[in-house]
2 protein chains.
Amino acid sequence: MAITIKDVAKAANVSIATVSLVMHNHRRISKETKVKVLEIIEQMNYRPSRSARGLVSRRTGNIGFILTNDHFLRTEPFYTHIFIGTEIEARENDFYVLLNTINSDFNERDQLPRFILDRNIDGVIIAGKVPQLLMEKLSHYNFPVVYIDFIPANKNYSTVLVDNVMGGRLATNHLIDLGHKNIAFIGGDIGHPSISDRLTGYMKAIESANLPISPDLIETSENYPARTNGYNAARKLLSVNKNITAIFACNDAMALGVIQYLKDQGKRVPQDVSVMGFDDVVSESSVDPPLCTVRVPTMEMGMEAMKLISTLLKEYEFYPKKIMMPVELVVRQSTQKI
Amino acid sequence: MAITIKDVAKAANVSIATVSLVMHNHRRISKETKVKVLEIIEQMNYRPSRSARGLVSRRTGNIGFILTNDHFLRTEPFYTHIFIGTEIEARENDFYVLLNTINSDFNERDQLPRFILDRNIDGVIIAGKVPQLLMEKLSHYNFPVVYIDFIPANKNYSTVLVDNVMGGRLATNHLIDLGHKNIAFIGGDIGHPSISDRLTGYMKAIESANLPISPDLIETSENYPARTNGYNAARKLLSVNKNITAIFACNDAMALGVIQYLKDQGKRVPQDVSVMGFDDVVSESSVDPPLCTVRVPTMEMGMEAMKLISTLLKEYEFYPKKIMMPVELVVRQSTQKI
DNA sequence: GTGAAAGCGCTAACAT
DNA sequence: ATGTTAGCGCTTTCAC
């Protein structure tokens, strides 16, 4: 049998009300009793029951985390890191995180995540792109929602975003600084804001350096930014334009495909062509050469989202906030001076 | 304000006790009232409060899931799949899963997972190898524990295991069936039961086929089964033994390293050397050629573990059970007839 | 500054 | 077969 507030009260010779007030740091409690009670709590290793608390406070102390299953299960640990970030921050705020994946083709017949129906959460964090329908259904419930790496159509939400434009600039400027003039951009799923922002960053950097923005340097016809698509994009691009000395791929997966294609063509990376990725989700040892990329602070994004929702919940601040997370250039051996 | 049992009782013109009994499928309830009450529950979309239930039943309805952070964060989604499996099965059993990663060097100063200290779970699932100390500390609490893919020193636990010996046989027999005579085994961290079992399966298959078991066909000196170690192991092996026509790596990561080494040596896979992996965690498109391997039913393992713990909890069956999960040969293009 | 007591939503023993 | 009620552990109002 676990220790209850009664046991603590008895041991401390006070009422259970006093114990409760001490735990909530109430100011009307004298210093002495406070110290005494806290000591006993520590000593008896007392932990309040979440069920009892939840019952009276109408709070579960849980936060729901929703993403699509293909996001969660994809090889690169992008969303896994975000999830861990929420978990770590949850510890500080005394929340628990419940994860629920949904189908990426979420439709009318699909149930909302169980924790919504059960009302077993106080708020929701949604990571990555999710179907419009989910958001609509969700809006019938009154839970605060924070989005990560996704801008919902209805902008009236708090979000944690990546500064993709800045990342695109950083990557491109790095190649420019290395002396490259013919710098290509390879993208997939260019309709996705994150990807098009990276292209924007690329273009801004190219313009700032007074280099030409040429259509035969930009290949964005692939519909998904995966490895094989990177391979194909590189083939399309390089069979047309022979002058390219540097390629900025919109993410690491595509960059791997690009490197593969170059190798298959007998070209050396970075001696013949420099290659940059984006996201920093490829472990250093798994590519040769180690991939130069832009780091996205995934874990920190999860943490920020949890902080946000925690504030929303504790301070009843329901107006939306946007947090833009900075990115960072990670120089590795897949790029070099021309 | 959410619907409560009172609202349902009032609407159905019965007492709250009756509603409760209906929900628990008690036999002393007449068919008519049962139907009526269920209808109203459906209609009002009533969901019982977990907090209230938990308070009286002394059950939280949560299951804790523990693994080390390097397991969770590693690139291959092995443990991610297992986790999802527990989540999916949890839905059937009306549990929620709380994830908590721990440091792989968990020591005296580290806290146990928060859900243990908080007593916010009814049972624990542990996946993969965890430090001995964690298990010891955990044993002071009276939670039922189920292990996945790990055999704790104290065998008195329920576990869900992979039939690695069978997998080793399947892989090796596949190569034998293709006509190979000089089949090598590459392993890392050979002290780990999963890995040594795969070697055992290899040896059994080789013996059964009346082929010789030769030390210059077996390379297990690497201390970790990762890609670069596979590369190195292949180098050691092939620089000594030139006759090898097939290599069975103890997992997919090492197999990737092996393929890399062979390519770097100008050998073709599978024309010159056939390569097999184990685990099936490498997405088909990310290797050339697609890797022939042994599939481990990761998601199903998570599901089985959750079923196990659910049974433990609901039927008070506390004697340990072992579940051995079958594996499956996955033929792809990295192997061929000699 | 501290205590008594009501009540959160539910289960289960007991009453009818 | 159904209803009444005590009580699970806690927060919070109100009294002292």
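Below, each value reflects all heavy atoms present in this structure, side chains not excepted, and no hydrogens, waters or symmetry copies. Order of the sequence lines fixes the chain letters, A, B, ..., with proteins taken first and strands second; residue numbering starts at 1 for each chain.
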- Query: Within the structure shown, what part of the strands sits under 4.0 Å from B/Thr4 by heavy-atom distance: base, sugar-phosphate, or nothing?
  - Reply: sugar-phosphate
- Looking at D/dG3, C/dC8, D/dC8, which one has an atom nearest to any side-chain atom of B/Ser15? D/dG3
- Query: Which whole-number value in Å describes the distance from B/Ile29 CD1 to C/dT11 P?
  - Reply: 13 Å
- Task: Would you indicate which nucleotide in D/dT2, C/dT11, D/dT12 comes nearest to any side-chain atom of B/Met23?
- Result: C/dT11
- Residue-phosphate contact under 4.0 Å: B/Ser20 side-chain N/O, C/dC10 OP1/OP2: no
- Query: Reckon A/Thr18 has a side-chain N or O less than 4.0 Å from the OP1 or OP2 of C/dG3?
  - Reply: yes
- Item | Minimum-distance nucleotide to B/Ala17 side chain [options: D/dT4, D/dT11, C/dT11] | D/dT4
- Query: Is any side-chain N or O of B/Arg59 closer than 4.0 Å to OP1 or OP2 of D/dC8?
  - Reply: no
- State whether A/Glu32 and A/Lys36 are salt-bridged, where the test is any N-O pair (Lys NZ or Arg NE/NH1/NH2 against Asp/Glu carboxylate O) under 4.0 Å. no
- Would you call the rings of A/Tyr141 and A/Phe143 parallel, tilted or perpendicular, where under 30° means parallel and over 60° means perpendicular? parallel
- Expressed in angstrom and rounded to an integer, what is the separation of B/Lys6 atom NZ from C/dC8 atom C1'? 9 Å
- Message: Using modelled atom types and a 3.5 Å cut-off, is there a donor and acceptor pairing between side-chain atoms of A/Tyr46 and backbone atoms of A/Asp7?
- Response: no
- Query: Do A/Tyr79 and A/Phe72 have their ring centres less than 6.0 Å from each other?
  - Reply: no
- Query: Looking at D/dT2, D/dC10, D/dT11, which one has an atom nearest to any side-chain atom of A/Pro48?
  - Reply: D/dC10
- Message: If you compare every side-chain N and O of A/Arg53 against the phosphate oxygens of D/dT11 (OP1, OP2), does one of them come in below 4.0 Å?
- Response: yes
- Counting any heavy atom closer than 4.0 Å, what does A/Arg28 reach on the DNA or RNA strands: base, sugar-phosphate only, or nothing? base
- Rounding to a whole Å, what distance do you find between B/Tyr46:OH and C/dC10:P? 3 Å
- Item | Shortest side-chain distance from B/Val56, nucleotide among C/dC10, D/dC10, D/dT2 | C/dC10
- Donor-acceptor pair between B/Asn156 and B/Tyr319 side chains, under 3.5 angstrom: no
- Query: How long is the line joining CD1 of A/Ile3 and C1' of D/dC8, in whole Å?
  - Reply: 16 Å
- Within the pair B/Thr33 and D/dT2, is there a side-chain N or O less than 4.0 Å away from OP1 or OP2? yes
- With distance as the sole test, does A/Asp122 use its side chain to make a donor-acceptor pair with the main-chain N or O of A/Thr60 at under 3.5 Å? yes
- Task: Look at all strands and tell whether A/Ser30 reaches a base, only sugar-phosphate, or nothing, counting heavy atoms closer than 4.0 Å.
- Result: sugar-phosphate
- Tell me: CG of B/Leu21 to P of C/dT16, nearest whole Å? 18 Å
- Item | A/Arg58 side chain near C/dG9 phosphate (N/O to OP1/OP2, under 4.0 Å) | yes
- Task: Measure from CZ on B/Arg50 to C1' on D/dG9 and round the result to the nearest Å.
- Result: 18 Å
- Item | A/Glu32 CD - C/dG1 P separation (whole Å) | 10 Å
- Separation of B/Asn25 atom CG from C/dT11 atom P, in whole Å? 13 Å
- Base, sugar-phosphate, or nothing for B/Ser51, non-hydrogen atoms under 4.0 angstrom? nothing
- Query: B/Ile16 or B/Ala52: which one's nearest nucleotide on DNA chain D is closer to the 5' end?
  - Reply: B/Ile16
